[in-house]
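Here the structure is a predicted model, which means the values were calculated and not measured.
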Amino acid sequence: MDTDHPVSGLIIPLVTALDPYGRPDPPAVRPLLAHLAAGGVTTLMLAGTNGEGPLLPAGDVRAYAVEVSAMWRDLAGAPARVMVAAAGTGTRETLRRMDRLAELDLDAVVVLAPSYFRHTEDELYAHFRDIARHGRPVVVYNSPGYTGNPVPVSVMRRLLDEPAIIGLKDSSGDAALFAGFCALAGERPGFQVAQGAERQLADGLRMGAAGLVPGVGMLAPALCADLLKAGRGGDHATAAALQHDVDRLAALFGVRPGVSGVVVIKTALHLLGLCPPHAAAPFLPLTDTELTELRAALARIHDLVGPLDPQPN
């Protein structure tokens, strides 16, 4: 397994720090970056789901990536790696967003399936094929819960012929599908797979995942790094025990169930003194009731995340 590969190891899908007016505020994420570096993280993914990428203009994504990637490489040193998601609704918009990332020092661009319309397998293949020929290393991001277009193993097998397709992040939560993706990694050198379903991290490593992409890793990066180390080393009993703790973190999303967890994770990070709570419109802040519930939930897992900031701004 190539441990220098962009999809290998612990990958944090970083939030986008915003000011109260919804504008990117890169300096405000520095406490979180320091927390991640101290926890052993080396790789960031910007402007993904947790990064609210689809809600942000391409220019905002670029501006944030320029400053945050520089801060991260300074903090994490030589092992630092950075990927940025180009979250376009279709092929043309995705390519335009990739153009806006030109000349940035990135290890890969992360690309989703088209969204809104449902597409055939041939259309999905054409979408990723055209993007792969843009000139950047590409990681395919399978997130059918958001795009409505699941990426099947058959499409990924065809895409193995495109050298620029270097890996896949799967957040489907479909264990059989994930196993099929991991099998593909054995068919072409340089192609690796990462598990993005937080409640299946340990299982993903057992199936052959090269990397893990847990959003809750922002709260407890060292925990997720330990799980990765245990799973990679074949100590699956320890990995399963640590997975239980990750599940305790993921239970925070029950504060606002059935929707994206962006507001919950940002508010939790804010209460810990790591990042502003503001999210892009049309996201709304937690209600007073939800905020009280989140504080109580964080108190129950203080052994994992530490104490709350006594005076969050």
inquiry  = Can you tell me how far apart CG (Leu298) and CG (Leu269) are? Round to the nearest 0.5 Å.
reply    = 9.5 Å
message = For a quick test of reading the model, state the closest non-hydrogen atom pair linking Pro152 to Leu124 and the distance between them.
response = CD-CD1, 4.3 Å
ask   = Between the main-chain N or O of Val82 and the side-chain N or O of Asp107, is there a donor-acceptor pair closer than 3.5 Å?
value = yes
query = With distance as the sole test, does Arg100 use its side chain to make a donor-acceptor pair with the main-chain N or O of Ala58 at under 3.5 Å?
reply = no
request  = Decide side-chain contact (heavy atoms from CB on, under 4.5 Å) for Leu284 and Val263; before the verdict, give the C-alpha distance in whole Å, the side-chain angles of both, and the deciding distance to 0.1 Å.
outcome  = CA-CA 7 Å; Leu284 294 174; Val263 176; over 6 Å; no
inquiry  = Minimum heavy-atom separation for Val29 and Val68, please, with both atom names.
reply    = CG1-CG2, 4.0 Å
ask   = Less than 4.5 Å apart, any side-chain heavy atom of Phe178 and any of Val193?
value = yes
remark   = In short, Asp19 meets Asp25 closest at the heavy-atom pair N-CB, 4.0 Å
ask   = Is there a side-chain contact between Leu46 and Val61 (heavy atoms, below 4.5 Å)?
value = no
key: Nearest atoms (heavy-atom pairs only) where Pro276 meets Ala28   = CG-CB, 3.6 Å
ask   = Quick one: does Thr16's side chain get under 4.5 Å of Asp60's, heavy atoms only?
value = no
message = Testing the 3.5 Å rule here: is there a donor-acceptor pair between the side chains of Arg232 and Ser8?
response = yes
note = To the nearest 0.5 Å, atom OG1 of Thr89 lies from atom CZ of Phe117 at 9.5 Å
request  = Say whether, by atom type as modelled, one donor and one acceptor occur between the side chain of Tyr64 and the main chain of Leu18 under 3.5 angstrom.
outcome  = no
task = Using a strict 4.0 Å threshold on nitrogen-to-oxygen distance, state whether Lys229 and Asp226 make a salt bridge.
result = no
ask   = Under 3.5 Å, is there a donor-acceptor pair between the side chain of His236 and the main chain of Ala202?
value = no
ask   = Does Met218 reach the side chain of Leu274, with side-chain heavy atoms less than 4.5 Å apart?
value = no
Short side-chain donor-acceptor distance under 3.5 Å, Ser171 and Tyr146 = no
ask   = Do Val151 and Val213 sit in the same hydrophobic cluster, where Ile, Leu, Val, Met, Phe, Trp and Tyr count as joined when their side-chain heavy atoms come under 4.5 Å apart?
value = no
request  = Could you pull out the closest heavy-atom pair between Arg295 and Leu308, with the gap in Å?
outcome  = NH1-CD1, 3.9 Å
ask   = Is the side chain of Gln192 donor-acceptor paired with the backbone N or O of Gly167 at a distance under 3.5 Å, no angle test?
value = no
remark   = What one should report as the nearest heavy-atom pair of Lys266 and Glu52 is NZ-OE2, 2.5 Å
From Ile131 atom CD1 to Thr94 atom OG1, the distance as rounded to the nearest 0.5 Å = 4.5 Å
query = Less than 4.5 Å apart, any side-chain heavy atom of Ile11 and any of Arg81?
reply = no
inquiry  = How long is the straight-line distance from CZ of Arg133 back to CG of Leu95, given to the nearest 0.5 Å?
reply    = 12.0 Å
ask   = Can you check whether Pro221's main-chain N or O pairs, donor with acceptor, with His35's side chain at less than 3.5 Å?
value = no
message = If we count only N and O atoms by modelled type, under 3.5 Å, do the side chains of Asp99 and His134 hold a donor and an acceptor together?
response = yes
ask   = Hey, are Glu162 and Arg129 close enough for a salt bridge, meaning a charged N less than 4.0 Å from a carboxylate O?
value = no
task = Might you work through the side-chain contact (heavy atoms from CB on, under 4.5 Å) test for Met156 and Val153, ending with a clear yes or no?
result = CA-CA 5 Å; Met156 287 308 306; Val153 171; 5.6 Å; no
key: Contact check, side chains of Asn149 and His127, non-hydrogen atoms, under 4.5 Å   = no
key: Inter-residue atom distance Arg206.CZ - Leu201.CG, 0.5 Å rounding   = 11.5 Å
ask   = Below 4.5 Å, heavy atoms only, C-beta onward: do Leu44 and Leu33 meet side chain to side chain?
value = yes
ask   = Which is it for Leu223 and Val216 under the side-chain contact (heavy atoms from CB on, under 4.5 Å) test, yes or no, and what are the steps along the way?
value = CA-CA 10 Å; Leu223 165 64; Val216 294; over 6 Å; no
query = Can you tell me how far the CZ atom of Arg157 sits from the CG atom of Leu184, to the nearest 0.5 Å?
reply = 5.0 Å
ask   = Do the side chains of Leu112 and Ser143 get nearer than 4.5 Å, heavy atoms only?
value = yes
query = Near Asp288 CG, under 6.0 Å, is it more than 12 heavy atoms from other residues, nucleotides or ligands?
reply = no
query = Is it the case that one hydrophobic cluster holds both Val110 and Leu101, taking links as side-chain heavy atoms less than 4.5 Å apart, direct or via other members?
reply = no
message = When you compare the side chains of Asp170 and Ser172, does any donor N or O come within less than 3.5 Å of an acceptor on the partner?
response = yes
